[in-house]
Amino acid sequence: MPELPEVETVRRGLSPALVGARFARVTLNRPDLRFPFPKNFSRRLEGRTVLELGRRAKYLTAALDSGETLIMHLGMSGRFDVRLPDGVTLSPGDFYLEGALGNAKHDHVVMAMGSGATITYNDVRRFGFMDLVPSATLQASKHFAAMGIEPLSEALDGAAIARLFRHRITPLKAALLDQRLIAGLGNIYVCEALHRAGLHPSLPAGALAKPDGTPTPKAKRLAKEIKAVLTEAVAAGGSTLRDYAQPDGARGAFQHGFRVYDSVGHACTAKGCTGRIARMVQSGRSTFYCEVCQVLPG
DNA sequence: TAACTCCTGGGC
DNA sequence: GCCCAGGAGTTA
């Protein structure tokens, strides 16, 4: 699950090969990923030039000169490889290498660009998907219409958290994972942000709003820590998990910045805290937190 | 809110 | 063989 920082890293890595380039030949090695490819997918791409490569939450958007936008979601294990004409292979934002890196079995889409570069989409678990929608109505498309605010934008602050979470009794962690409220966070960065903010993952989300709807100090703190952890992770090129030591310099480094994720038993790094990192399960997913400095009030 | 679903593979 | 995995939709 590439989260926002990983997708942003992929966007930056893919841009040089994609923006301004023309799709010469698009080959699909199977009829679907998570969903079937759009009708006439290859034909609608071939001959088209990419005007710009953007990102919304965990989605990549490639605006084409045909008036359509190619939407790409990496799911849990999607990745791109770029092979340049001189034979050099790059892995823009290589965040999830598994054992299958370079295993052509999972090369599902091969895009030969007019420049001579080849962009390959590889996705072991096939939870990713691609779609083509009219650029003019991109924001109204089914993927984006109900999507929440962008966490690195000015839209996210304590007041926004109070407004979005008010009256909600759902656990804070679940609220932060709800892409209809804030879009782009996933399991790792939610755990990290909650730890940094000193908030228990099970705290009812509505506790961050005062009765009059204004933000509590903790709401402001949480907004600040979400931005901080995402900004640091983007700067580090995202996180690379299950790294099988490939000869490739394009991997992220923020996994070294984790304070709680996948760190059960480690000493808490919060200032003055003597706790250890624990794991609990919330709606079927692992939550990592410090039992000492992330306490439930009362 | 929780369980279950899609899918493959690593680790124990 | 079982549990786990950075996502997210659907269903009870």
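No experiment lies behind these values; they were computed from the predicted model shown. Numbers restart at 1 for each chain; the letters A, B, ... are given by sequence-line order, proteins then strands.
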Pairing of A:Arg30 and A:Asp32 as salt bridge, 4.0 angstrom limit: yes
A:Asp123 CG - B:dG9 C1' separation (whole Å): 13 Å
Can you name the atoms? Protein N/O to nucleotides 2-5 of chain B N/O, anything below 3.5 Å, with the distance.
none

Within-4.5 Å side-chain heavy-atom neighbours: A:Leu194 and A:Leu222: yes
Members of residues 162-170 of chain A that approach DNA chain B, where some heavy atom sits under 4.0 Å away: A:Ile169, A:Thr170
base_contact_polar (B:dC7 base, A:Arg126 side chain, donor-acceptor, <3.5 Å): no
Salt-bridge present (A:Arg276, A:Glu291; N to O < 4.0 Å): no
A:Glu68 side-chain N/O to A:Ser135 backbone N/O, donor-acceptor pair under 3.5 Å: no
Contact list (N/O, under 3.5 angstrom) for nucleotides 10-12 of chain C vs protein:
none

pair A:Thr49-A:Phe23: side-chain heavy atoms closer than 4.5 Å: no
Neighbour count >12 (heavy atoms, 6.0 Å) for atom CZ, A:Arg83: no
Heavy-atom donor-acceptor pair, A:Arg285 side-chain to C:dA5 base, under 3.5 Å: no
